[in-house]
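Since the structure is predicted, the reported quantities are computational estimates derived from the model, not experimental observations.
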Amino acid sequence: MCSRPFVCRCKYWRRTLGMQVRYVHHEDYQFCYSFRGRPGQRPSILMLHGFSAHKDMWLSVVKFLPKNLHLICVDMPGHEGTTRSSLDDLSIDGQVKRIHQFVECLKLNKKPFHLVGTSMGGHVAGVYAAYYPSDVCSLSLVCPAGLQCSSDNQFIQRLRELQKSAAVEKIPLIPSTPEEMSEMLQLCSYVRFKVPQQILQGLVDVRIPHNNFYRKLFLEIASEKSRYCLHQNMGKIKVPTQIIWGKQDQVLDVSGADVLAKSIANCQVELLENCGHSVVMERPRKTAKLIVDFFASLYNTDSKKLD
């Protein structure tokens with residue numbers, strides 16, 4: 001199945017929502033991003049996607065965000081339109097530095113911005129807020145990676161076994177067959193739905209050319225250097241922080257929300273019932289509302305003015 005329909009659908013959806021795609025360069029490194037609106041009195045919002053996704057994963061949330069907010073969704077290092085280099089440092093520290101380069105290219109930090117990240121992007125966002133406190137005025141972390149919980153869930157235990165056996169071809173988040181794609185969707189989502197074989201094949205076809213990169217990236221962010229980077233730096237986060245987590249997350253245990261809440265002074269937690277790891281895809285309207293309400297509580301007394 002050709003990947004063209006997926007590409008065309010994203011372009012159509014971006015256009016419908018008023019998101020424009022642009023490129024910016026730091027020396028010989030290219031960043032690709034989409035944006036809507038212009039900088040104004042309220043903080044801009046920068047959104048960081050998760051592992052093996054891209055900027056368009058936020059479109060389902062953008063649909064429910066007010067049009068008078070300045071939104072920026074960037075492709076993370078090596079993903080989609082952002083440079084993929086064998087020399088790039090894909091560790092969490094390396095990705096944080098790259099995102100800082102992107103921020104400086106856009107002069108986004110002329111005044112502090114609101115930073116949003118999910119999963120791997122949440123890991124990067126949290127560490128970014130710790131490393132560059134003057135850049136960020138507030139933070140929304142959606143089921144972020146990088147935390148050390150008291151006990152490992154089934155998924156983490158399985159990863160440990162794969163690492164011991166060096167079976168990198170079997171990482172559950174890097175499917176190479178329709179069957180493995182179906183398993184990944186079930187792992188990441190609370191809702192159980194049957195996806196037609198043709199669609200599964202199409203989803204796999206889009207990913208297969210990138211799987212070697214995804215394996216390299218996964219091994220880097222799961223390494224000892226990066227695995228608990230957010231945990232090690234969460235005490236340095238001083239800005240108002242919002243945690244959003246699906247109660248039925250099978251990838252990253254929901255107990256991580258409590259870990260963060262105990263370490264970040266100004267922190268509020270929102271746990272979503274009947275929701276798994278793919279919060280952004282499963283509950284886009286609710287995610288958007290929570291972000292807007294949090295944003296309004298900090299920068300505007302009436303969220304209805306954010307239309």
Side-chain angles (χ1 to χ4, degrees), residues 26 31 33 39 42-51 53 55 58 61 65 69-77 89-149 221 225-245 252 256-270 279-280 287 290-299:
H26 173 81
F31 294 97
Y33 67 100
R42 298 187 189 96
S44 299
I45 299 178
L46 174 60
M47 311 179 88
L48 308 182
H49 65 74
F51 172 79
K55 61 188 174 298
W58 291 108
V61 173
L65 290 176
L69 292 176
H70 180 220
L71 308 175
I72 298 166
C73 306
V74 63
D75 285 326
M76 297 294 281
D89 179 1
L90 297 173
S91 69
I92 294 300
D93 273 8
Q95 292 192 61
V96 168
K97 286 171 187 169
R98 281 296 187 200
I99 295 303
H100 188 243
Q101 289 170 358
F102 171 72
V103 164
E104 296 210 305
C105 283
L106 290 191
K107 296 184 171 57
L108 192 59
N109 54 353
K110 280 180 75 175
K111 69 178 199 176
F113 56 88
H114 181 73
L115 185 55
V116 182
T118 185
S119 197
M120 179 191 78
H123 194 168
V124 173
V127 176
Y128 189 104
Y131 286 5
Y132 302 103
S134 63
D135 282 11
V136 179
C137 56
S138 46
L139 188 63
S140 292
L141 302 179
V142 184
C143 50
L147 298 169
Q148 192 166 8
C149 298
I221 61 178
K225 176 185 177 184
S226 288
R227 189 183 305 158
Y228 300 128
C229 202
L230 176 55
H231 199 103
Q232 291 156 1
N233 289 281
M234 59 188 175
K236 299 175 188 172
I237 298 173
K238 305 302 180 188
V239 296
T241 300
Q242 173 186 51
I243 312 298
I244 304 173
W245 217 302
L252 298 171
D258 191 47
V259 171
L260 286 167
K262 286 176 178 174
S263 294
I264 301 173
N266 192 350
C267 182
Q268 67 180 52
V269 174
E270 306 285 352
V279 174
V280 172
T287 302
L290 289 172
I291 291 172
V292 167
D293 288 350
F294 178 63
F295 196 84
S297 72
L298 297 173
Y299 309 113

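Taking every heavy atom of both residues into account, Val61 and Met47 meet most closely at CG1-CE, 4.4 Å. In plain terms, the two heavy atoms of Pro144 and Gly122 that are nearest each other are CB-C, 3.7 Å. Heavy atoms only, all atoms of each residue included: His49 and Trp58 are closest at N-NE1, 3.5 Å.
Within the 4.5 Å cutoff, no side-chain heavy atoms of Val127 are placed close to those of Gln95. No side-chain heavy atom of Tyr33 sits under 4.5 Å from any side-chain heavy atom of Leu46. Under the 4.5 Å side-chain criterion, counting only non-hydrogen atoms from C-beta, Phe113 is not in contact with Pro39. No side-chain heavy atom of Tyr132 sits under 4.5 Å from any side-chain heavy atom of Val103. Looking at Tyr228 and His123, their side chains never come closer than 4.5 Å, going by heavy atoms from C-beta outward.
Listed for the Lys111 side chain is no donor-acceptor partner under 3.5 Å among the backbone atoms of Leu108. Between the Asp75 side chain and the Lys55 main chain, a donor and an acceptor come within less than 3.5 Å of each other.
In this structure, Leu298 CG and Arg42 CZ are separated by 12.5 Å, a value rounded to the nearest 0.5 Å. In this structure, CZ in Arg227 is found 14.5 Å from CG in Leu230, a value given to the nearest 0.5 Å. Taken from NZ in Lys236 to NZ in Lys238, the straight-line distance is 10.0 Å, to the nearest 0.5 Å. Between the CG atom of Leu106 and the CZ atom of Phe31 there is a distance of 9.0 Å, given to the nearest 0.5 Å. Atom CD1 of Ile237 is separated from atom OH of Tyr131 by 11.0 Å, given to the nearest 0.5 angstrom.
Using modelled atom types and a 3.5 Å distance limit, the side chains of Arg98 and Gln101 yield a donor-acceptor pair. Using modelled atom types, one finds no donor on one side chain facing an acceptor on the other under 3.5 Å when comparing Asp93 with Ser91.
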For this session: May I have the step-by-step check of side chain to side chain contact (heavy atoms under 4.5 Å, CB included) for Phe102 and His26, ending in yes or no?
Result: CA-CA 7 Å; Phe102 171 72; His26 173 81; over 6 Å; no
For this session: Could you walk me through whether Val74 and Ile99 pass the side chain to side chain contact (heavy atoms under 4.5 Å, CB included) test, one step at a time?
Result: CA-CA 9 Å; Val74 63; Ile99 295 303; 4.2 Å; yes
Scan the side chains in residues 133-142 for donor-acceptor partners under 3.5 Å anywhere in the protein, sequence neighbours excluded, and list what turns up.
| from | atom 1 | to | atom 2 | distance (Å) |
| --- | --- | --- | --- | --- |
| Asp135 | OD1 | Asn109 | ND2 | 3.4 |
| Asp135 | OD2 | His100 | NE2 | 3.4 |
| Asp135 | OD2 | Asn109 | ND2 | 3.4 |
| Asp135 | OD2 | Tyr128 | OH | 2.6 |
| Ser138 | OG | His114 | ND1 | 2.6 |
| Ser138 | OG | Tyr299 | OH | 2.6 |
| Ser140 | OG | His114 | NE2 | 3.0 |
| Ser140 | OG | Gln242 | OE1 | 2.7 |

Identify all side-chain donor-acceptor contacts of residues 256-264 below 3.5 Å with residues at least two apart in sequence or on another chain.
| from | atom 1 | to | atom 2 | distance (Å) |
| --- | --- | --- | --- | --- |
| Asp258 | OD2 | Lys262 | NZ | 3.1 |
| Ser263 | OG | Val259 | O | 3.4 |

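Every residue was checked against the side-chain hydrogen bond (donor to acceptor under 3.5 Å, both in side chains) condition with His231, not counting sequence neighbours, and none meets it.
Evaluated for a side-chain contact (heavy atoms from CB on, under 4.5 Å) with Ser119, the options Leu252, Leu48, Val280, Val124 yield exactly one hit, Leu252.
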